[in-house]
Amino acid sequence: MPEFDLRFSKEQIASRIEVLAAQIDRDYAGKNLILLVVLKGSLHFASDLARKMKLDPPIDFIQLASYHDDTKSSGIVQLKKDHDMTIEDRDVLIVEDIVDTGLTLEYLRELLEARRPASVSCVSLLAKPDAHQREVALEYVGFDIKNEFVVGYGLDHAEKYRSLPFIAVLRNPV
């Protein structure tokens, strides 16, 4: 049976998302916003964030991979699914579950900037500043965490533990 060391409870996550949603609503009032959700880990976060926002922006999805079933980023980013909606002249808010090395976000920003959006910014539920290999702009961050591998609330280990309602360190992966 897996054991977990709790980092953020369901209640802590919900409270922080309310704050982030209010900030985004204020910052993007009157703008042509689109939420670009990075699959798969950001699904729960994006869903809860969108429901708390007063704005009702369209939502699209993109899927990238850099972990490949390991607990450390491979450093190689692979585009697995591109977004469907046009982003030209739109304000794109990337919705990320976690920014670890920053390589994935750097790759994604470069990809999107080439498509001529009005702006590109990022909201990430979690950030690991000590793990960043690149300087990355994070306009909105839920929580900063230590450089440790976490699961739950969309974050997985080999496609397991995504549905946990909390975020925790997995002590003994199964």
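In this chain, residues are counted from 1 in sequence order. Quick caveat: nothing in here was measured; it's all calculated off a predicted structure.
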Exercise for review: Identify whether Met85 and Val92 are in the same connected component of the hydrophobic contact network (ILVMFWY, side-chain heavy atoms under 4.5 Å).
Suggested key: yes
Check your understanding: In terms of hydrophobic clusters joined by side-chain contacts under 4.5 Å, are Val19 and Ile167 together?
Key -> no
First locate atom [atom1] of [X], then atom [atom2] of [Y], and finally report the distance between them rounded to the nearest 0.5 Å.
{"X": "Phe61", "Y": "Lys81", "atom1": "CZ", "atom2": "NZ", "answer": "8.0 Å"}
{"X": "Asp82", "Y": "Ile62", "atom1": "CG", "atom2": "CD1", "answer": "5.0 Å"}
{"X": "Lys52", "Y": "Ile24", "atom1": "NZ", "atom2": "CD1", "answer": "13.5 Å"}
{"X": "Leu35", "Y": "Ile59", "atom1": "CG", "atom2": "CD1", "answer": "5.5 Å"}
{"X": "Leu108", "Y": "Leu103", "atom1": "CG", "atom2": "CG", "answer": "12.5 Å"}
{"X": "Phe8", "Y": "Ile145", "atom1": "CZ", "atom2": "CD1", "answer": "6.5 Å"}

Is there a donor-acceptor pair closer than 3.5 Å between any side-chain N or O of [X] and the backbone N or O of [Y]?
{"X": "Gln63", "Y": "Lys80", "answer": "no"}
{"X": "Asp60", "Y": "Leu36", "answer": "no"}
{"X": "Ser42", "Y": "Val38", "answer": "yes"}
{"X": "Gln12", "Y": "Ser9", "answer": "yes"}

Revision key, fill the gap. Here the pair of heavy atoms bringing Leu20 nearest to Gly142 is CD1-CA, 3.8 Å
Exercise for review: Under the side chain to side chain donor-acceptor pair (under 3.5 Å) rule, what do Tyr28 and Ser121 come out as? Steps first, then yes or no, please.
Suggested key: CA-CA 11 Å; Tyr28 285 94; Ser121 57; 2.4 Å; yes
Are [X] and [Y] side-chain neighbours, meaning at least one heavy-atom pair lies under 4.5 Å?
{"X": "Lys31", "Y": "Ser119", "value": "no"}
{"X": "Val123", "Y": "Phe45", "value": "yes"}
{"X": "Ile87", "Y": "Leu112", "value": "yes"}
{"X": "Phe143", "Y": "Leu125", "value": "yes"}
{"X": "Ile34", "Y": "Pro57", "value": "no"}
{"X": "Thr101", "Y": "Thr104", "value": "no"}
{"X": "Cys122", "Y": "Glu139", "value": "yes"}

**Study point:** His44 and Tyr153 aromatic ring geometry - parallel, tilted or perpendicular at 30°/60° bounds
**Key:** tilted
Review point. Can you tell which of Asp27, Leu55, Asp25 makes a side-chain contact (heavy atoms from CB on, under 4.5 Å) with Leu33?
Key: Leu55
Exercise for review: Would you tell me whether Ser47 and Arg51 have side-chain atoms, one donor and one acceptor, within less than 3.5 Å of each other?
Suggested key: yes
Exercise for review: May I have the step-by-step check of side chain to side chain contact (heavy atoms under 4.5 Å, CB included) for Arg109 and Glu106, ending in yes or no?
Suggested key: CA-CA 5 Å; Arg109 281 186 185 266; Glu106 178 183 63; over 6 Å; no
Practice item. Decide, yes or no, whether a salt bridge links Lys128 with Asp100 under the criterion of side-chain N to carboxylate O below 4.0 Å. Key: yes
Point to revise | Pairing of Asp156 and Arg162 as salt bridge, 4.0 angstrom limit | key: yes
Check the surroundings of atom [atom1] in [X]: do more than 12 heavy atoms from other residues, nucleotides or ligands lie under 6.0 Å from it?
{"X": "Arg115", "atom1": "CZ", "result": "yes"}
{"X": "Glu135", "atom1": "CD", "result": "no"}
{"X": "Lys10", "atom1": "NZ", "result": "no"}
{"X": "Asp5", "atom1": "CG", "result": "yes"}

Check your understanding: What's the verdict on side chain to side chain contact (heavy atoms under 4.5 Å, CB included) for Arg171 and Phe4, showing C-alpha distance, side-chain angles and the deciding distance?
Key -> CA-CA 6 Å; Arg171 272 199 268 152; Phe4 304 98; over 6 Å; no
Exercise for review: Mind running side chain to side chain contact (heavy atoms under 4.5 Å, CB included) on Leu138 and Leu105 for me, showing each step along the way?
Suggested key: CA-CA 9 Å; Leu138 289 171; Leu105 184 57; 3.6 Å; yes
Practice item. Verify side chain to side chain contact (heavy atoms under 4.5 Å, CB included) between Glu113 and Val120, making sure each step is shown before the conclusion. Key: CA-CA 7 Å; Glu113 290 290 349; Val120 176; 3.6 Å; yes
